[in-house]
Amino acid sequence: MSNSVDPPAGWPATEAEALAEQQRLRGLVDAGPCGPALAGLSLVAGVDVAYDDERDVVAAAAVLLDRHSLEVVEESTAVGRISFPYLPGLLAFRELPTVLAALAGLGRTPDLVVCDGYGLAHPRRLGLASHLGVLSGLRTIGVAKTPFTFTYEQPGPERGAWTPLHDAENGEEVGRALRTRRGVKPVFVSVGHRIGLAEAVHLTLELAPAYRLPETTRKADSLCRRALSAAVERC
DNA sequence: GCGACAG
DNA sequence: ATCTTGTCGC
């Protein structure tokens, strides 16, 4: 928990500033496989954000889980004022200030952060997962619920089936459409920072044993909604 | 120019 | 994201 957070000093406030900041950070993303490091990952965090546009309030949650048992190890929330509009391609500027505050409230450092959205699968290769990775130095992946502007073929019906997610502009594989539950629409996985795509897909499957979305995002989603309600009725 | 567009 | 009832299915 914490009081109302403000964006970090110098946080972009306009579209032009945000675009310039993305250009500055895009080259700092590490998209390589983490090799043996994958076996050592034990603390996974999920982050998510909820808004009340009427009251101009935003609440973020960071939930730390044990990678293997998926039990909650720790929770943290942060509340603030909405400091940036929703503009497709610039989502990070709206969500990250509060997410960073929630993450800072954790007593332990996550080995992986699962974001609700995209990483490298982004018009300028810096979706919120990659952006968060560069700013925090943490290993991150993005698991989104919709295909955004990308194209893909329907993966097979069985859990674990996947197909490449393509950028229509250049045909690049920017992520994968992954079936986490038999017969249920896929999620869209992309690399955030300090990890490879195959590993990101592997971990997503591991973190989503029972539902379409990873437990990390399910828990973070419910927590940030509760934090928003609490914050709104408290002021 | 118009529509689409992570959350 | 958020606004929202019932309803089909395991």
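Numbers restart at 1 for each chain; the letters A, B, ... are given by sequence-line order, proteins then strands. Below, all heavy atoms of this structure are taken into account, side chains as well, without hydrogens, waters or symmetry copies.
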Length of the line joining [X]:[atom1] and [N]:[atom2], which is rounded to integer Å:
X: F84(A); N: dG7(B); atom1: CZ; atom2: P; answer: 18 Å
X: K145(A); N: dG7(B); atom1: NZ; atom2: C1'; answer: 7 Å
X: F148(A); N: dA1(C); atom1: CZ; atom2: P; answer: 14 Å
X: D221(A); N: dT2(C); atom1: CG; atom2: C1'; answer: 12 Å
X: L91(A); N: dC5(B); atom1: CG; atom2: C1'; answer: 11 Å
X: H131(A); N: dA6(B); atom1: NE2; atom2: P; answer: 19 Å
X: D53(A); N: dG7(B); atom1: CG; atom2: C1'; answer: 11 Å
X: H122(A); N: dC5(B); atom1: NE2; atom2: P; answer: 16 Å

Ring geometry between Y118(A) and F188(A) (parallel below 30°, tilted from 30 to 60°, perpendicular above 60°):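 Ring orientation of F188(A) relative to Y118(A): tilted.
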Which nucleotide, [options], lies nearest any side-chain atom of [X]?
X: P88(A); options: dG7(B), dT2(C), dC5(B); answer: dC5(B)
X: T149(A); options: dG7(B), dT2(C), dC5(B); answer: dC5(B)
X: L128(A); options: dA6(B), dG7(B), dT2(C); answer: dA6(B)

So, OP1 or OP2 of dA6(B): does either fall under 4.0 Å of a side-chain N or O from Y86(A)?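 For dA6(B), OP1/OP2 do have a side-chain N/O of Y86(A) under 4.0 Å.
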Using OP1 and OP2 only, check whether a side-chain N or O of R94(A) sits under 4.0 Å from dA6(B).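 No, because none of the side-chain N or O atoms of R94(A) sits under 4.0 Å from OP1 or OP2 of dA6(B).
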With ring centroids as reference points, do H131(A) and F93(A) lie under 6.0 angstrom apart?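 They qualify: ring centres under 6.0 Å apart.
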Students often get this wrong, so: under 4.0 angstrom with heavy atoms, is [X] touching a base, only sugar-phosphate, or nothing?
X: Y118(A); answer: base
X: G89(A); answer: base
X: R181(A); answer: nothing
X: D48(A); answer: sugar-phosphate
X: A50(A); answer: sugar-phosphate
X: L96(A); answer: nothing

For [X] and [Y], which heavy atoms make the closest approach, and how far apart are they?
X: R67(A); Y: L207(A); value: O-CD2, 4.3 Å
X: L213(A); Y: R218(A); value: O-CD, 3.5 Å
X: G80(A); Y: T98(A); value: N-CG2, 4.2 Å

Does R94(A) count as lying over the ring of Y51(A), i.e. NZ or CZ under 6.0 Å from the six-ring centre, within 45 degrees of the axis?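 Judged by the rule (NZ or CZ under 6.0 Å from the ring centre, within 45° of its axis), R94(A) counts as positioned above Y51(A).
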Give every pair of a protein N or O atom and an N or O atom of nucleotides 3-10 of chain C that lie under 3.5 Å apart, one pair per line with the distance.
none

Sidechain N-carboxylate O distance under 4.0 Å for R194(A), E199(A):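 Between E199(A) and R194(A) there is no salt bridge, as every charged N stays at least 4.0 Å from the carboxylate O atoms.
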Is any side-chain N of the basic residue among E158(A) and R179(A) closer than 4.0 Å to the acidic one's carboxylate O?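 No, E158(A) and R179(A) are not salt-bridged.
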